[in-house]
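Values in this document were obtained by computation on a predicted structure and should not be read as measured data.
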Amino acid sequence: MTAIKHALQRDIFTPHDERLLSIVNVCKAGKKKKNCFLCATVTTERPVQVNVVKVKKSDKGDFYKRQTEWALRDLAVVDAKDANKSSTNLHTQQDAPVPKNGRENPEFDLHFEKVYKWVASSTAEKNAFISCIWKLNQRYLRKKLEFVNVSSQLLEELPKVTEESVPSGENQSVAGGDEESLDDYQELNTREEQDIEIMMDGCEYAISNAEAFAEKLSRELQVLDGANIQSIMASEKQVNILMQLLDEALKEVDEIEHKLSSYEEMLQSVKEQMDHISQSNDLIQLSNTNNMKLLEEIEFLVNYLDLSKGHIKALTDGDLSSSKGIEACTNAAEALLQCMNVALRPGHDELQAVKQQQQQFKDLREQFARRLANHLNNVFVQQGHDQSSTLAQHSVELSLPKHLPFHRDLLRYAKLMEWLKNTDHEKYEGLNKNYVDYISRLYEREIKEFFEVAKIKMTGTSKEGKKFATLPRKESAVKQDLESLHGSSGKLTGSTSSLNKLSVQGSGNRRSQSSSLLDMGNMSASDLDVADRTKFDKIFEQVLSELEPLCLAEQDFISKFFKLQQSPALPGSVVADSTDVDGLLLSRQHTLLGDRHLLPSEKEEAGIIRSMMIKVFRCIEPELNNLISLGDKIDSFNSLYMLVKMSHHVWTAENVDPASFLSTTLGNVLVTVKRNFDKCILNQIKQMEEVKISKKSKVGILPFVSGFEEFAELAESIFKIAERRGDLDKAYTKLIRAVYNNVEKVANESQKTPRDVVMMENFHHIFSTLSRLKIACLEMERREAKQKYTEHLQFYVIYSLGQPLEKLNHFFEGIEARVAQGIREEEVSYQLAFNKQELRKVIKEYPGKEVKKGLDNLYKKVDKHLCEEENLLQVMWHSMQDEFIRQYKHFEGLIARCYPGSGITMEFTIQDILEYFSSIAQSH
């Protein structure tokens with residue numbers, strides 16, 4: 001233990017200027033045995049601080065560390081739990097439980113801010129530590145520290161220490177278990193040291209003769225005592241004077257006390273009077289407070305429940321037709337609404353005057369609401385009649401009457417409509433219904449007349465002949481009407497224009513019978529088609545351009561006039577390409593609306609606007625569908641123009657408001673247009689499949705190939721800047737596949753024209769068309785057309801060249817067959833059928849003149865097979881020249897290899913061949 005004590009002093013306490021006085025090895029009671037040390041320490045600096053420190057060995061090594069520290073002044077009780085005790089504490093007597101085994105108990109408790117229970121390693125260490133704590137308390141603290149259950153033997157061993165016997169000096173050390181005993185020596189202070197030095201300087205013999213020095217000191221002390229007694233006796237007179245002065249002071253005090261008593265009685269009377277005054281003031285203050293509150297309530301009622309005479313007059317007799325009267329009525333209505341919406345305080349509704357005022361407000365509200373509703377209904381009717389009077393002037397031109405003045409006049413009542421919506425919803429809904437009824441009839445007349453003008457302009461008929469545009473008829477009857485209507489102007493019908501011109505007879509007669517009616521001088525049918533389609537496109541665009549601002553202006557007016565919240569627009573939203581699925585555009589709009597979470601009130605009001613717009617413009621969608629049907633009957637290619645225009649306007653409407661009536665209606669119509677477009681493409685494909693070719697005339701360029709060229713040129717010009725390019729690309733793919741399949745079908749069925757010529761000419765025409773138009777989605781088909789054209793050109797050349805030198809070709813084909821069977825080339829001449837004599841015989845049959853004659857016949861035959869439109873004769877003749885020369889070189893090579901050294905050659909040279917081909921081409 002001594003070694004541990006020295007180690008703790010060196011490692012832990014010396015660096016902190018502390019001195020270790022006692023140590024005990026302990027562990028916590030009732031827990032796993034984890035030993036530590038409790039140390040009693042004092043600081044080396046003054047004032048001295050006494051601490052109890054818990055020291056524990058570190059888990060990571062053999063060194064010790066401070067864990068917890070308590071100040072001794074915070075210690076309240078030391079419980080030694082000793083059974084053998086007599087007087088165990090300094091202040092109280094307590095009983096402790098006797099240990100069961102009757103032996104000494106190593107447990108003890110220290111009561112700081114909470115009770116710490118310890119078990120010492122031995123009873124001796126515990127007693128020594130408690131003894132040290134007691135001494136430190138007596139030496140430095142002198143507090144009422146309780147030592148409970150400390151054995152009497154341990155206390156008897158402690159020296160009797162009282163307050164008188166303990167020195168007051170701060171430099172005394174503590175007597176602990178193994179430290180020095182208590183010392184009564186008290187060190188002299190500086191003053192005492194100086195006095196002793198002076199005294200000893202005056203008595204030089206003090207050190208050598210202490211008795212003489214002590215006697216001298218005794219004599220001087222007696223002299224001082226005598227002087228003190230004389231001084232006391234001399235001061236007796238002064239004491240008497242002092243006593244007299246005290247008696248006089250006591251008398252003065254009595255007088256002052258008497259006066260204070262009288263003053264107190266007077267103040268008590270004043271206090272009672274002030275209490276009465278205070279009570280009176282409280283009553284006065286209470287009365288004033290009540291009066292102020294009453295005045296405040298009266299002012300509140302007067303200020304907020306009083307409607308001026310001017311407002312009352314405006315509500316009852318105000319002019320609702322002038323701007324000033326409308327403004328006065330609006331201000332009066334708002335003031336009335338404010339008065340009616342005032343939040344009354346508790347008890348106000350029980351006042352008779354308040355009830356009368358509220359009843360007056362209700363009467364004014366009902367009277368003004370009725371007067372306002374009647375006036376607005378009259379305005380609706382009057383405006384409808386005034387607008388109808390101007391309808392005739394717009395019927396001549398393709399334009400819709402503008403309702404801006406009507407809207408501007410009605411918007412003056414917008415605030416009054418909002419007031420009516422908040423105060424009398426029933427009358428507000430009645431006005432809503434009446435407006436829709438009046439204005440829908442007006443718009444129906446205007447829009448129907450507008451569409452009639454559009455149909456007349458499209459068909460060129462008068463009003464008497466407009467039944468064609470309005471009555472559904474069979475397709476044959478429609479064709480007859482169109483022919484009769486447009487026979488003089490050269491108009492092509494939808495069944496005879498463009499790709500419909502399929503019932504043809506040869507290259508010179510590729511138009512239908514109806515096209516023979518054309519007699520317009522230098523103007524061709526194609527020119528007339530373009531002119532009429534351009535006219536239709538302009539009319540259709542004008543129709544949409546007139547409808548769009550009309551619908552948007554009316555929707556904006558309804559929103560502002562009836563104070564309804566429109567659904568917010570979503571900038572950048574576009575309509576996706578529609579497919580063949582019906583209703584795709586509508587579902588797309590619904591998705592756009594769902595992207596923003598609307599409040600229930602906003603959704604309800606947006607629904608009201610849509611419902612009103614549907615009722616107001618209920619005739620727009622049917623009229624548009626009729627117009628689209630008419631355009632499709634006039635010319636099926638009009639669906640291309642309508643698809644582009646309608647897509648553009650739907651895209652524009654979507655950007656403005658995807659949930660608007662205009663967007664929804666145009667989206668529905670766009671689905672119809674897309675169906676017509678798809679139907680047009682399917683009809684062209686069907687007519688391709690039904691085409692019949694004359695058996696007596698050459699085929700040439702097939703009519704549906706020319707028709708595809710016309711369609712592609714028209715479509716590219718229409719869809720140049722269109723938003724719906726995807727629909728056209730899909731149509732291109734379907735059409736080109738149908739063209740390819742039917743070209744091959746016609747080529748296989750052709751009897752007059754060889755199959756290779758039909759394939760070559762038509763695929764060359766398709767390749768030229770696709771190369772000129774540069775359609776990106778048909779790039780693969782363009783390469784395929786070039787490949788087919790090249791292949792069939794080569795096939796035809798090879799096939800045709802076999803006729804001028806037929807026997808020679810057969811002879812050399814036989815030689816190649818023998819070589820293929822395994823006969824060596826130099827041994828072919830030994831074959832009976834292919835010896836030199838047979839070779840010379842065959843060569844003699846084809847002298848130069850015969851070859852030129854055969855080539856001339858071949859040129860004439862090729863000329864009969866090829867058509868003039870494609871102009872491939874020279875290309876074909878040049879290819880035949882190259883192929884003929886290639887065959888010539890091949891024959892010469894076979895002769896050189898199979899008949900070496902025979903000297904056999906053809907009777908004409910390559911130069912002769914070039915002259916033959918050139919002269920034949922020039923002669924024709």
Side-chain angles (χ1 to χ4, degrees), residues 19 21 42-50 72-73 87 89-92 131-147 155-176 179-261:
R19 189 154 56 91
L21 300 182
V42 295
T43 59
T44 58
E45 297 180 353
R46 289 186 178 87
V48 177
Q49 300 292 330
V50 185
L72 188 62
R73 64 176 174 272
S87 176
N89 56 40
L90 297 178
H91 304 289
T92 61
S131 176
C132 181
I133 294 296
W134 186 84
K135 292 176 182 179
L136 290 172
N137 179 60
Q138 294 296 323
R139 175 70 63 184
Y140 294 107
L141 301 178
R142 293 294 184 87
K143 63 176 286 187
K144 293 183 180 181
L145 179 61
E146 297 184 11
F147 287 83
L155 291 178
E156 289 175 356
E157 293 175 358
L158 299 177
K160 292 280 186 175
V161 180
T162 61
E163 294 181 1
E164 292 80 5
S165 63
V166 177
S168 62
E170 296 179 357
N171 61 338
Q172 298 179 12
S173 61
V174 178
E179 70 176 343
E180 64 273 11
S181 61
L182 296 174
D183 193 354
D184 292 337
Y185 172 73
Q186 183 176 0
E187 185 179 0
L188 296 177
N189 56 32
T190 304
R191 177 74 178 273
E192 290 174 344
E193 289 178 355
Q194 290 176 357
D195 291 342
I196 291 174
E197 287 178 358
I198 293 172
M199 187 179 296
M200 293 181 70
D201 289 340
C203 301
E204 297 179 354
Y205 56 87
I207 298 175
S208 60
N209 191 352
E211 293 180 358
F213 180 65
E215 291 177 358
K216 182 180 179 181
L217 291 177
S218 178
R219 287 195 299 272
E220 291 180 355
L221 179 61
Q222 291 176 359
V223 173
L224 289 174
D225 290 340
N228 288 336
I229 293 172
Q230 290 178 359
S231 177
I232 291 171
M233 293 177 66
S235 61
E236 183 177 359
K237 183 178 180 180
Q238 295 178 353
V239 171
N240 292 331
I241 295 172
L242 179 60
M243 293 300 291
Q244 290 178 359
L245 291 174
L246 289 174
D247 292 339
E248 293 176 357
L250 290 173
K251 292 179 180 179
E252 292 292 335
V253 168
D254 292 339
E255 293 179 358
I256 290 173
E257 288 181 352
H258 181 70
K259 289 182 179 181
L260 289 175
S261 297

Asks: Check whether any side-chain heavy atom of Arg139 sits under 4.5 Å from a side-chain heavy atom of Leu136, and report yes or no.
Replies: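 They are not in side-chain contact.
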Asks: Holding to side chain to side chain donor-acceptor pair (under 3.5 Å), I want the full list of residues that pass it with Glu220, two or more places apart in sequence or in another chain.
Replies: none
Asks: Drop me the distance from Ile133's CD1 to Leu21's CG, to the nearest 0.5 angstrom.
Replies: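 With rounding to 0.5 Å, CD1 (Ile133) is 9.0 Å from CG (Leu21).
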Asks: Is a side-chain N or O of Thr43 found less than 3.5 angstrom from the main chain of Val48, in a donor-acceptor match?
Replies: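 No.
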Asks: Quick one: pull up CZ in Phe147 and CG in Asn137 and give me the separation to the nearest 0.5 Å.
Replies: 5.5 Å
Asks: Working to the nearest 0.5 Å, report the span between CG of Leu224 and CZ of Arg219.
Replies: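 Here the rounded value is 13.0 Å.
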Asks: How far does CD of Gln138 sit from NZ of Lys135, to the nearest 0.5 angstrom?
Replies: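 Answer for the CD-NZ pair, Gln138 versus Lys135, is 11.5 Å.
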